[in-house]
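In this text, all values refer to a predicted model and were calculated from it rather than measured experimentally.
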2 protein chains.
Amino acid sequence: MKQRPRESRRTAAKMTDIARLAGVHVSTVSRALAGSPLVEASKRKRIVQLAREHGYVVNPVARSLRLQRTQMVSVVIPLQHAAGQPLTDPFFVAMLGHLAEAVTQRGYGMNLQKIVLPTHEWLDEIIASGRSDGVVVIGQSTEHETLQRAAANYLPLVVWGAQLPGQKYCTVGSDNPGGAARAVRHLLQGGRRRIVFLGDPTGPELRQRYEGYAHALRDGPPGTAAPRTVPAELTPDAAYQAVRECIAAGEAFDALFAASDVIAISAIRALTNEGLAVPHDVAVVGFDDIALAAHTTPSLTTVRQDLEQGARTLVDLLFRRLDGEETASVTLPAELVIRDSAPA
Amino acid sequence: MKQRPRESRRTAAKMTDIARLAGVHVSTVSRALAGSPLVEASKRKRIVQLAREHGYVVNPVARSLRLQRTQMVSVVIPLQHAAGQPLTDPFFVAMLGHLAEAVTQRGYGMNLQKIVLPTHEWLDEIIASGRSDGVVVIGQSTEHETLQRAAANYLPLVVWGAQLPGQKYCTVGSDNPGGAARAVRHLLQGGRRRIVFLGDPTGPELRQRYEGYAHALRDGPPGTAAPRTVPAELTPDAAYQAVRECIAAGEAFDALFAASDVIAISAIRALTNEGLAVPHDVAVVGFDDIALAAHTTPSLTTVRQDLEQGARTLVDLLFRRLDGEETASVTLPAELVIRDSAPA
DNA sequence: ATGAAAGCGCTAACAA
DNA sequence: TTGTTAGCGCTTTCAT
C-alpha cells in the first residue's frame with residue numbers, strides 16, 4: 001500500500017496561524033477576512049495583508065462544513081451505455097464549456113460527474129452527499145422517473161432535455177418536435193418523399209424529434225412514404241454501419257433526417273462511399289448545428305440548438321431555485337439552418 | 001437580501017441518524033460503512049442496509065475535513081485575455097472531456113476552474129485552499145514563473161504544455177517543434193517557398209511551433225523565403241481578419257502554417273473569399289487535428305495532437321505524484337496528417 | 001467488537 | 001470592538 005508522503009505538500013497555513021501572527025483571536029481573523037465592519041479598519045487591513053503575505057486562503061472544505069453550503073454546482077451526465085455517446089461528443093463538450101462559463105461567472109465552482117450505467121440511486125446520492133449546492137443534469141436519458149422522484153423534495157435541480165407531460169422537474173431544452181418538423185417539411189418542399197429517420201428514439205429528446213418527423217410526414221403531400229426508422233446509437237461508427245447496412249438491404253430513400261449532426265455526418269460519408277450523391281440522390285438533415293456542421297462537405301443542413309443560451313438559461317434557473325423560486329421549464333427555439341446537404 | 005428556504009431541501013440524513021436507527025454508536029456506523037472487519041458481519045450488513053434504505057451517503061465535505069483529503073482533482077485553464085481562446089474552443093473542450101474520463105475512472109471527482117486574467121497568486125490559492133488533492137493546469141500561457149514557484153513545494157501538479165529548459169514542474173505535451181518542422185518540410189517538398197506563420201508566438205507552445213517552423217525554413221532549399229509571422233489570436237474572427245489584412249497589404253505567399261486548426265480553418269475561408277484557391281494558390285497546414293479538420297472543404301492537413309493519450313498521461317502522472325513519485329515530463333509525438341489543404 | 005472522545009478548520013451566537 | 005465557545009459530520013485512537 002502506497003502512502004502519501006507529507007513532505008510533498010507544504011502544510012497549508014490555517015486561520016489560527018494568521019491569528020497568532022496578528023496577535024488576535026481566530027474569530028477576529030475570520031471576521032476580518034470576511035470584510036466584517038465589526039473589525040476595526042486598521043486591524044482588518046493588517047490582517048488581510050498578513051494573510052496575503054503568507055499565502056493564506058480560507059479552507060473551503062472547513063468553510064463548507066460550517067456553513068452547510070459549498071459554492072459548488074454539480075454537473076452530471078447520465079449515459080445509457082458505456083459504449084454510447086462518450087463525454088467527448090461535441091454536443092456534451094460544448095454544453096460543458098458554456099456551463100463552466102456561466103457557473104464560474106457567478107463565483108461558483110463546478111464539479112463534473114459522469115454517470116455511466118445509472119445505478120439505482122445515482123441522483124439521490126449526489127444530492128444527499130451535499131457535495132454541491134445545486135445540480136445540473138445534462139440529458140434525461142432513461143432517467144425520467146429518477147428525476148421526478150428527486151425533484152419532489154429537492155428544489156435546486158435543473159435538467160437539459162425534453163419537457164414531458166406531468167413533469168415535476170425543471171427542464172431547459174430545444175423545441176425538438178418543432179425543429180424536426182421544420183426539417184422534414186423542408187425536405188418535402190425539396191421534393192423528397194421517402195424520408196428516413198436515423199437514430200434510436202428511446203430517450204425523450206430523440207423521441208420528440210422522431211414525433212416531429214412522423215407528424216410532418218403525416219401532413220405531407222400524397223405519395224409521401226410512411227415514417228421509417230433506421231436505429232443507430234449516437235456514435236459515428238454505429239451510424240456509419242447502420243446506414244451501410246440499410247443501403248445493402250436495398251432500402252430505397254431519397255432523404256435522411258438524422259437525430260444528431262454527429263450521425264448525420266457519418267451518414268453522409270456512408271452514402272458517399274456507397275456511391276450515392278448528397279444531396280442529389282439523398283438529402284441529409286442533422287440536428288444540433290455543431291461547429292463542424294458548417295464545414296463538412298457538403299456542408300450540413302441542420303436544426304440549430306443554441307447551447308450557449310441553453311447553458312445560460314440552465315444556470316440562471318438554477319440560481320433562482322437556489323433562492324427558493326419555483327421556476328418553470330423553458331423551451332428554446334430550434335431553427336433550421338439550410339446548407340448544402342439539403343439545399344432550398 | 002434573498003434567503004435560502006429550508007423547505008426546498010430535505011435535510012439530509014447524517015451518520016448519527018443511522019447510528020440511532022441501528023442502535024449503535026456513530027463510530028460503529030463509520031466502520032461498518034467503510035467495510036471494516038472489526039464490525040461483526042451481521043451487524044455490518046444491517047447497518048449498510050439501513051443506510052441504503054434511508055438514502056444515506058457519507059458527507060464528503062465532513063469526510064474531507066477529517067481526512068485532509070478530498071478525492072478531487074482541480075483542472076485549471078489560465079487564459080491570457082478575456083477575449084482570447086474561450087473555454088468552448090475545441091481544443092480545451094476535447095481535453096476536458098478526456099480528462100473527465102480519466103479522472104472519474106479513478107474514482108475521483110474533477111473540479112473545473114477557469115482563470116481569466118491570471119491574478120497574482122491564482123495557482124497558490126488553488127493549492128492552498130485544499131479544495132483538491134492535485135491540480136492539472138491546461139496550458140502554460142504566460143505563467144511559467146508561477147508554475148515554477150508552485151512546483152517548488154507542491155508535488156501533485158501536472159501541466160499540459162511545452163517542456164522548457166530549467167523547468168521544475170512536470171509537463172505533458174506534444175512535440176511542437178518536431179510537428180511544426182514536419183509540417184513545413186511537407187510544404188517545402190510540395191514546392192512552396194514563401195511560407196507564412198499564422199499565430200501569435202507568445203506562449204511557450206506556440207513559440208515552439210514557431211521555432212520548428214523557422215528552423216525548417218532555414219534548412220530549406222535555395223529560394224526559400226525567410227520566416228514571416230502574421231500575428232493573430234487563436235480565435236476564428238481574429239485569424240480571419242489578420243489573413244484578409246495580410247492579403248490586402250499585398251503580401252505574397254504560397255503557403256500558410258497556422259498555429260492551430262481553428263485559425264487554419266478561418267484562414268482558408270479568408271483566402272477563399274479573397275479569391276485565392278486552397279491549396280492551388282496557397283497551401284494551408286494547421287495544428288491539433290480537431291474533429292472538424294477531416295471534414296472541412298478542403299479537408300485540413302494538420303499536425304495531430306493525441307489529446308486522449310495526453311489526458312491519460314496527465315492523470316497517470318498526477319496520481320503517481322499523489323503517491324510521492326517525482327515523475328519526469330513527457331513529450332508525445334506530433335504526427336503530420338496529410339489531407340487536401342496541403343496534399344502530398 | 002464497540003463506545004467515548006478528540007479534533008479536522010472554520011463561523012457565528014453569545015458574552016464581555 | 002474583541003474573545004470565548006460550540007459545533008458543522010466525520011474518522012480514528014484509545015479505552016473497555
Side-chain angles (χ1 to χ4, degrees), chain A residues 3-4 6 9 11-47 51 54-72 125 127-133, chain B residues 1 3-4 6 9 11-48 51 54-72 125 127-133:
Chain A
Q3 55 178 346
R4 310 274 127 106
R6 289 191 184 276
R9 30 183 74 191
T11 308
K14 311 182 278 189
M15 202 179 266
T16 46
D17 299 333
I18 305 300
R20 196 169 349 91
L21 290 163
V24 298
H25 192 265
V26 48
S27 56
T28 303
V29 176
S30 175
R31 283 187 278 252
L33 262 30
S36 161
L38 286 173
V39 180
E40 191 199 338
S42 69
K43 182 174 285 183
R44 190 171 65 213
K45 270 188 189 159
R46 198 160 50 80
I47 292 172
H54 289 260
Y56 172 75
V57 283
V58 174
N59 181 327
V61 174
R63 183 187 163 84
S64 293
L65 180 59
R66 174 62 230 235
L67 296 181
Q68 300 291 87
R69 182 158 53 73
T70 59
Q71 303 261 77
M72 284 276 166
E125 280 180 14
I127 291 169
S129 81
R131 195 190 287 287
S132 53
D133 298 338
Chain B
M1 171 99 168
Q3 55 177 346
R4 311 274 125 107
R6 290 194 183 275
R9 33 183 73 192
T11 307
K14 310 183 277 189
M15 201 179 266
T16 48
D17 299 333
I18 305 301
R20 195 169 351 92
L21 289 162
V24 299
H25 192 263
V26 47
S27 53
T28 302
V29 176
S30 175
R31 283 187 276 252
L33 262 31
S36 160
L38 285 173
V39 181
E40 190 199 337
S42 71
K43 182 174 287 184
R44 191 170 66 211
K45 268 190 189 158
R46 198 160 51 80
I47 292 172
V48 168
H54 289 260
Y56 172 75
V57 282
V58 173
N59 180 326
V61 174
R63 184 188 163 84
S64 293
L65 181 60
R66 173 61 231 234
L67 296 181
Q68 301 290 86
R69 183 158 51 76
T70 60
Q71 303 260 77
M72 282 278 166
E125 280 179 15
I127 292 169
S129 82
R131 197 190 286 287
S132 52
D133 298 338

Enquirer: Using whole Å, report how far CZ of Arg20(A) lies from P of dG9(C).
Expert: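 Interatomic distance, CZ of Arg20(A) to P of dG9(C): 12 Å.
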Enquirer: Can you measure from CG (Asp133(B)) to CD1 (Ile127(B)) and round to the nearest 0.5 angstrom?
Expert: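 Reported value, rounded in 0.5 Å steps: 12.5 Å.
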Enquirer: With the side chain counted from C-beta on, respond yes when Val58(A) and Met15(A) share a heavy-atom pair under 4.5 Å apart, and no when they do not.
Expert: yes
Enquirer: Looking at DNA chain D, which of residues 25-35 of chain A put a heavy atom within less than 4.0 Å of it?
Expert: His25(A), Ser27(A), Thr28(A), Arg31(A)
Enquirer: Just how far, in rounded Å, is P of dC8(C) from CG of Asp17(A)?
Expert: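 Interatomic distance, CG of Asp17(A) to P of dC8(C): 11 Å.
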Enquirer: Indicate, with a heavy-atom threshold strictly under 4.0 Å, whether Leu38(A) touches base, sugar-phosphate, or nothing.
Expert: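 Contact class for Leu38(A): base.
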Enquirer: Within this structure, what is the CD-to-C1' distance between Gln68(A) and dC10(C), rounded to whole angstrom?
Expert: 12 Å
Enquirer: Does dA1(C) have its OP1 or OP2 closer than 4.0 Å to a side-chain nitrogen or oxygen of Lys43(B)?
Expert: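 Result: no.
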Enquirer: Residues two or more places apart in sequence or in another chain: which of them pass side-chain contact (heavy atoms from CB on, under 4.5 Å) with Ala62(B)?
Expert: Leu65(A), Asn59(B)
Enquirer: Tell me the interatomic distance from Lys45(B), atom NZ, to dA1(C), atom P, rounded to whole angstroms.
Expert: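 Those two atoms, NZ and P, are 16 Å apart.
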Enquirer: Could you state the CG-C1' distance from Leu67(B) to dG7(C), rounded to the nearest angstrom?
Expert: 12 Å
Enquirer: Hey, what do you get for CZ (Arg63(A)) to CG (Leu33(A)), rounding to the nearest 0.5 Å?
Expert: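 Here the interatomic distance stands at 10.0 Å.
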Enquirer: Which whole-number value in Å describes the distance from Arg131(B) CZ to dG9(C) C1'?
Expert: 14 Å
Enquirer: Step by step, work out the salt bridge (Lys or Arg N to Asp or Glu O under 4.0 Å) result for Arg20(A) and Asp17(A).
Expert: CA-CA 5 Å; Arg20(A) 196 169 349 91; Asp17(A) 299 333; 2.8 Å; yes
Enquirer: Is there a side-chain contact between Ile18(A) and His54(A) (heavy atoms, below 4.5 Å)?
Expert: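 The answer is yes, as the side chains (C-beta and beyond) meet within the 4.5 Å cut-off.
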Enquirer: Would you say that Ser27(A) contacts Arg31(A) through its side chain, given a criterion of any heavy-atom pair below 4.5 Å between the two side chains?
Expert: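 Yes; the side chains approach each other to less than 4.5 Å.
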Enquirer: Atom CG of Leu65(B) to atom C1' of dG9(C): distance rounded to whole Å?
Expert: 6 Å
Enquirer: For Ser42(A), run the side-chain hydrogen bond (donor to acceptor under 3.5 Å, both in side chains) check against Arg44(A), Glu40(A), Arg46(A), Lys45(A) and tell me which one passes.
Expert: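 Passing option: Glu40(A).
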Enquirer: Can you pull the contact range of chain B along DNA chain D, 5' to 3', using atoms under 4.0 angstrom from its heavy atoms?
Expert: dG9(D) to dT13(D)
Enquirer: Looking at every strand, decide which applies to Val61(B) at a 4.0 Å heavy-atom threshold: base, sugar-phosphate, or nothing.
Expert: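 Nothing, no heavy atom under 4.0 Å.
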Enquirer: Just verifying a value: how many Å separate Gln71(A) CD and Ser64(A) OG, rounded to the nearest 0.5 Å?
Expert: 7.5 Å
